[in-house]
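Below is one structure, written out as structure tokens; comments come after it.
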Protein chains: 2
Amino acid sequence: MTAELWLTQLHENGYRLTDARRAVVEIVEQSTRALTPVEVYDLARKKYRALGLVTVYRTLEKLEELHLIQRVHQPQGCQAFVSAGHGHQHLLLCQNCGRVEFFDGDDLDALTRYIAQKTGYQINEHWLQLFGLCMDCRKN
Amino acid sequence: MTAELWLTQLHENGYRLTDARRAVVEIVEQSTRALTPVEVYDLARKKYRALGLVTVYRTLEKLEELHLIQRVHQPQGCQAFVSAGHGHQHLLLCQNCGRVEFFDGDDLDALTRYIAQKTGYQINEHWLQLFGLCMDCRKN
DNA sequence: TACACTATTGAAAATGATTTTCAATATCAA
DNA sequence: TTGATATTGAAAATCATTTTCAATAGTGTA
Ligand SMILES: [Mn+2]
Ligand SMILES: [Mn+2]
Ligand SMILES: [Zn+2]
Ligand SMILES: [Zn+2]
């Protein structure tokens, strides 16, 4: 249902609504895994046969620009995307099935103050990511 | 001086010591910034003119395999390498000059227990990275 | 609804990064 | 010193991403 919202966002930012974009948005928005451009291409082509891979790249670029999706960095590679988190959130990734969750509530203030003091750095931001096994994959 | 140790490591693992490897090792080992393969190539060629870019890729691959270097993930890209940290350490990166430091002492046990409990995930590892401005760059 | 403007498209070509192939050469254990 | 072979750099191949371009489709306006 949020797919509609993404399309609205695109439209409000002066982008036209096309079948190609609709297909890409629908796939990426409802995925619980991070998807690479080719994966998006393969899946979206089931909805819209004529889709070109170039258009997938171009659409992902725009969705990232509008902060609707974000790139996911992993040991296996850094070319995959997921729906963006809201506010200050971090990723939790399943090492087996690739499932992606967001979490918040981390408090690194004490740590960053300590490191800043110790190193002389002014610390502006942080990346935090947890890896593990999701409930489903633990059963195997 | 650790460059010698790296070469010893390579040798002990059955790899031959060549001028090409020596040049790459010397450059990467003493750099305070993460370097891309091309950057390593350009710098190392000042020590060993005949060096080929292919050999840089192959040498970085081996150094990573032996855990002497590690890949650095950044917003601008994920193809750069630095000397690996020791034990459980994380990276602190200067957003201006690219300087790299390691820190430890983060304690995410409470957080991971909380997230594990809340999501049902079994959490195995984490990535943490701090970004900011190093002492030198703050002065500008 | 029809139209005109122009953003968007997919195919093909171009670019950039990395990997593979290969014959010549350098390393090193014996 | 020498022979087996690991390593090399150049060139070609591969893979991911970007650019170019002419045809087409989306949108606001009449
Ligand atoms: Mn945080
Ligand atoms: Mn840690
Ligand atoms: Zn899973
Ligand atoms: Zn700096």
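Letters go in sequence order (proteins before strands), and every chain restarts at 1. Quick caveat, the model's predicted, so the values are computed rather than measured.
The side chain of A:R16 approaches C:dA7 more closely than any other nucleotide in the set D:dT8, C:dA7, C:dT27.
Position along DNA chain C of the nearest nucleotide to B:Y15 versus A:L51 favours A:L51 as the more 5'-ward residue. Nearest-nucleotide positions on DNA chain C for A:Y41 and B:L17 put A:Y41 closer to the 5' end.
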Table of protein N/O atoms under 3.5 Å from nucleotides 18-25 of chain C N/O atoms:
residue: C:dT18; atom: OP2; partner: B:Y57; partner atom: OH; Å: 2.0
residue: C:dT18; atom: O5'; partner: B:Y57; partner atom: OH; Å: 3.2

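With rounding to whole Å, B:Y48 atom OH is found 8 Å from C:dA26 atom P. To the nearest angstrom, P of C:dT9 lies 12 Å from CG of A:L60. Taking atom CD of A:E39 as the reference point, atom P of D:dC15 lies 16 Å away to the nearest angstrom. Distance CD (A:E64) to C1' (D:dT18): 15 Å, rounded to an integer number of Å. Summarising the geometry, the separation between CG on A:L10 and C1' on D:dT27 is reported as 15 Å, rounded to the nearest angstrom. For A:R21 and C:dA7, the CZ to C1' distance is 8 Å, given to the nearest whole Å. Regarding A:L7, its CG atom lies at a distance of 16 Å from the C1' atom of D:dT27, rounded to whole Å. One atom, CG of A:D42, and another, C1' of D:dA16, lie 14 Å apart when rounded to the nearest Å.
Checked for salt-bridge contact, A:K62 and A:E64 miss the test: no charged N lies under 4.0 Å from a carboxylate O.
Counting only residues at least two apart or in different chains, side chain to side chain donor-acceptor pair (under 3.5 Å) contacts with residues 124-135 of chain B comprise A:Q95-B:N124, A:Q95-B:E125, B:H88-B:H126, B:H90-B:H126, B:D106-B:H126.
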*Can you list the steps and then say if A:R33 with A:E39 is a side-chain contact (heavy atoms from CB on, under 4.5 Å)?*
CA-CA 11 Å; A:R33 304 195 319 103; A:E39 287 173 331; 3.4 Å; yes
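Between B:T18 and the phosphate of D:dA6, there is no side-chain N or O to OP1/OP2 separation shorter than 4.0 Å. Look at B:H11 and you won't find any side-chain N or O under 4.0 angstrom from OP1 or OP2 of C:dT27.
A side-chain N or O of B:Y15 and one of B:E65 form a donor-acceptor pair less than 3.5 Å apart.
Put simply, A:L43 and A:W6 are part of the same group of oily side chains (I, L, V, M, F, W, Y) that touch within less than 4.5 Å, one to the next.
When each of A:R16, A:R21, A:R22 is checked for a salt bridge (Lys or Arg N to Asp or Glu O under 4.0 Å) with A:D19, only A:R22 meets the rule.
Of the possible donor and acceptor atoms, none in the side chain of B:R113 sits under 3.5 Å from a partner among the backbone N and O of B:L108.
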